[in-house]
Amino acid sequence: MQIRVVTYNIHKCRGLDRRVRPARIVEVLREIDADIIALQEVLSLQGGSREKDQARFISEELEMTCAVGGTRIHRGATYGNAVLSRLPLLETKNYDITVRGREERGCMRADISANGGGLLHVFNVHLGTAYLERRHQARKLVNASILNNEELIGPRIMLGDFNEWTRGLTTQLLASHLTSADIRAHLQRSRTYPGVLPFMHLDHIYFDDSLDLERITLRKSRAALVASDHLPLVADFRIQRGSSRLIEGVVNEL
């Protein structure tokens with residue numbers, strides 16, 4: 001089974017022109033046509049206009065299931081990560097990876113039925129901007145309650161905005177547990193941020209070796225270059241049969 005995933009920091013839908021336009025994010029994502037979407041910096045305000053609940057607006061426009069992993073309240077709205085899926089979204093869990101004295105940060109897990117491919121565990125991450133902060137967060141990510149949880153039975157994908165542009169402890173730790181997607185091999189470049197004149201690599205994708213990475217692309221359409229300061233990083237995987245227990249068995253156990 002082939003599956004397309006994308007990680008995209010949408011910067012609260014505020015584009016380079018300083019305008020908040022969720023419809024532009026929808027346009028970019030519609031161009032990509034992914035099966036699973038991991039968004040960071042999402043604002044969801046209930047009770048206001050439809051576009052102010054960004055997670056719901058984007059998911060409804062794309063006709064996808066959505067789950068939000070909030071990390072804090074920002075001006076009355078839930079702020080954090082979101083996972084959108086056109087495949088059955090079975091369960092989600094939000095992990096607090098905040099370091100004391102720093103901005104609240106989270107890791108969101110989504111358990112998704114990949115149809116004939118079994119169960120897929122997707123981790124959507126947005127790490128802090130400080131070096132020591134990320135060291136603490138990396139240790140939390142690889143502990144027995146998150147990435148190495150005994151309850152995880154399917155292949156894992158961890159993706160998002162890691163705010164790490166050098167090979168620091170976060171990269172080393174995650175690469176010791178998962179395979180790191182080598183963007184240089186696919187894109188002939190190692191820098192992806194900011195979108196217009198990239199000089200850093202902040203967005204990363206890690207995955208179990210039971211998944212075959214077929215292609216990585218960086219969406220650089222005209223809309224994508226304006227919609228956010230990040231560009232969407234897209235990965236196409238092939239899920240090997242037998243890489244996890246069939247989903248029917250999991251549903252029966254539940």
Side-chain angles (χ1 to χ4, degrees), residues 6-30 32 34 36-86 89-112 122-130 133-134 136-137 140-141 146 158-163 193-195 202-203 223-233:
V6 57
T7 176
Y8 191 14
N9 184 326
I10 63 173
H11 196 51
K12 306 172 193 167
C13 295
R14 185 181 297 276
L16 297 189
D17 57 3
R18 309 299 297 170
R19 297 179 179 179
V20 177
R21 296 287 187 269
R24 289 192 297 205
I25 300 296
V26 171
E27 178 184 351
V28 174
L29 292 172
R30 189 170 280 133
I32 295 169
I36 300 171
I37 300 170
L39 302 178
Q40 303 88 43
E41 293 195 26
V42 184
L43 273 180
S44 296
L45 179 65
Q46 298 182 354
S49 66
R50 184 166 169 260
E51 289 192 350
K52 288 187 177 180
D53 190 343
Q54 294 177 356
R56 182 177 178 181
F57 175 81
I58 295 169
S59 63
E60 287 181 349
E61 289 294 306
L62 295 174
E63 298 182 344
M64 301 176 78
T65 305
C66 176
V68 175
T71 57
R72 61 187 173 95
I73 301 299
H74 177 77
R75 298 179 180 177
T78 300
Y79 172 83
N81 305 318
V83 172
L84 284 62
S85 177
R86 64 164 49 121
L89 185 57
L90 301 180
E91 185 178 357
T92 62
K93 187 168 184 178
N94 206 37
Y95 301 96
D96 184 4
I97 57 172
T98 304
V99 174
R100 181 179 298 179
R102 303 292 300 177
E103 180 182 325
E104 293 93 334
R105 299 285 179 173
C107 170
M108 179 184 178
R109 188 186 97 200
D111 297 338
I112 295 171
V122 178
F123 296 85
N124 183 9
V125 180
H126 191 191
L127 299 188
T129 56
E133 176 187 14
R134 291 194 301 275
H136 289 293
Q137 290 169 340
K140 288 183 178 182
L141 289 177
I146 303 182
M158 180 170 280
L159 71 172
D161 180 358
F162 290 81
N163 272 315
Y193 175 87
L202 303 183
D203 306 291
L225 288 169
V226 177
S228 172
D229 56 342
H230 285 251
L231 292 174
L233 187 62

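Predicted, not measured: the structure shown is a model, and the values here were computed from it. In what follows, every heavy atom counts, from backbone to side chain, and hydrogens, waters and symmetry copies are set aside.
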Peer 1: Thr71 versus Asp96: any side-chain heavy-atom pair under 4.5 Å?
Peer 2: no

Peer 1: Please give me the minimum heavy-atom distance between Arg86 and Ala34, naming the atom from each residue.
Peer 2: NH1-O, 3.3 Å

Peer 1: Dump the intermediate steps for side chain to side chain contact (heavy atoms under 4.5 Å, CB included) on Asp17 and Arg24, then the final yes or no.
Peer 2: CA-CA 12 Å; Asp17 57 3; Arg24 289 192 297 205; 2.7 Å; yes

Peer 1: Roughly how far apart are Glu91 CD and Ile112 CD1, rounded to 0.5 Å?
Peer 2: 12.0 Å

Peer 1: Which distance, rounded to the nearest 0.5 Å, do you find between the CZ of Arg21 and the CD of Glu51?
Peer 2: 8.0 Å

Peer 1: Verify the neighbour count for atom NZ of Lys140: are there more than 12 heavy atoms of other residues, nucleotides or ligands below 6.0 Å?
Peer 2: yes

Peer 1: Evaluate the side-chain proximity of Leu45 to Asp53: yes if any heavy-atom separation is below 4.5 Å, no if none is.
Peer 2: no

Peer 1: What's the verdict on side chain to side chain contact (heavy atoms under 4.5 Å, CB included) for Cys107 and Leu141, showing C-alpha distance, side-chain angles and the deciding distance?
Peer 2: CA-CA 8 Å; Cys107 170; Leu141 289 177; 3.9 Å; yes

Peer 1: Side chains of Val125 and Phe162: does their closest heavy-atom pair fall under 4.5 Å?
Peer 2: yes

Peer 1: Rounded at 0.5 Å granularity, tell me how far CG in Leu16 sits from CG in Leu225.
Peer 2: 8.0 Å

Peer 1: Considering residues at least two apart in sequence or located in another chain, which fulfil the salt bridge (charged side-chain N to carboxylate O under 4.0 Å, His left out) criterion with Asp111?
Peer 2: Arg109

Peer 1: Return the OG to CG distance between Ser228 and Leu39, rounded to the nearest 0.5 Å.
Peer 2: 10.0 Å

Peer 1: Under the rule for side-chain contact (heavy atoms from CB on, under 4.5 Å), what residues qualify as partners of Asn94, not counting sequence neighbours?
Peer 2: Met108

Peer 1: Any non-hydrogen side-chain atom of Val68 less than 4.5 Å from a side-chain atom of Val42?
Peer 2: no

Peer 1: List for me each residue that meets side chain to side chain donor-acceptor pair (under 3.5 Å) alongside Thr129, sequence neighbours excluded, and say none if there are none.
Peer 2: Arg102

Peer 1: State, to 0.1 Å, how close Leu43 and Ala77 come at their nearest heavy-atom pair, and which atoms those are.
Peer 2: CD2-CB, 3.9 Å

Peer 1: Among Thr92, Ile37, Ile36, which one satisfies side-chain contact (heavy atoms from CB on, under 4.5 Å) with Val83?
Peer 2: Ile36

Peer 1: List in chain and number order the residues that pass salt bridge (charged side-chain N to carboxylate O under 4.0 Å, His left out) with Arg19, two or more places apart in sequence or in another chain; answer none if no residue qualifies.
Peer 2: none

Peer 1: Once rounded to the nearest 0.5 Å, what's the spacing between atom CD of Glu104 and atom CD1 of Ile97?
Peer 2: 12.0 Å

Peer 1: Could you list all the salt bridge (charged side-chain N to carboxylate O under 4.0 Å, His left out) pairs where at least one residue sits in residues 57-72, not counting sequence neighbours?
Peer 2: Arg50-Glu60, Arg50-Glu61, Arg56-Glu60, Arg72-Glu103

Peer 1: Are side-chain heavy atoms of Val26 and Phe57 found at a separation under 4.5 Å?
Peer 2: yes

Peer 1: Please table the atom pairs, donor to acceptor, closer than 3.5 Å between any side-chain atom in residues 6-13 and protein atoms at least two apart or in another chain.
Peer 2:
from, atom 1, to, atom 2, distance (Å)
Thr7, OG1, Gln40, NE2, 3.2
Thr7, OG1, Gly160, N, 3.4
Asn9, OD1, His11, N, 3.0
Asn9, ND2, Glu41, OE2, 3.1
Asn9, ND2, Asp161, OD2, 2.9
His11, ND1, Glu41, OE1, 3.3

Peer 1: Taking the side chain as every heavy atom from C-beta outward, state whether Gln54 and Ile25 have any pair of such atoms under 4.5 Å apart.
Peer 2: no

Peer 1: If you take all heavy atoms of Pro232 and Ile32, which pair is closest and at what distance?
Peer 2: CB-CD1, 3.5 Å

Peer 1: When you measure from the side chain of Asn81 to the backbone N and O of Gly106, does any donor-acceptor pair fall under 3.5 Å?
Peer 2: yes

Peer 1: Within a strict 4.5 Å, meaning less than it, do heavy atoms of the Arg105 and Glu133 side chains meet?
Peer 2: yes

Peer 1: Check for a donor-acceptor pair, side chain of Gln137 on one end and backbone N or O of Gly128 on the other, with a separation under 3.5 Å.
Peer 2: yes

Peer 1: May I ask you to test the Leu62-Leu84 pair for a side-chain heavy-atom distance under 4.5 Å?
Peer 2: yes

Peer 1: Minimum heavy-atom separation for Ala67 to Leu89, with atom names?
Peer 2: CB-CD2, 3.8 Å

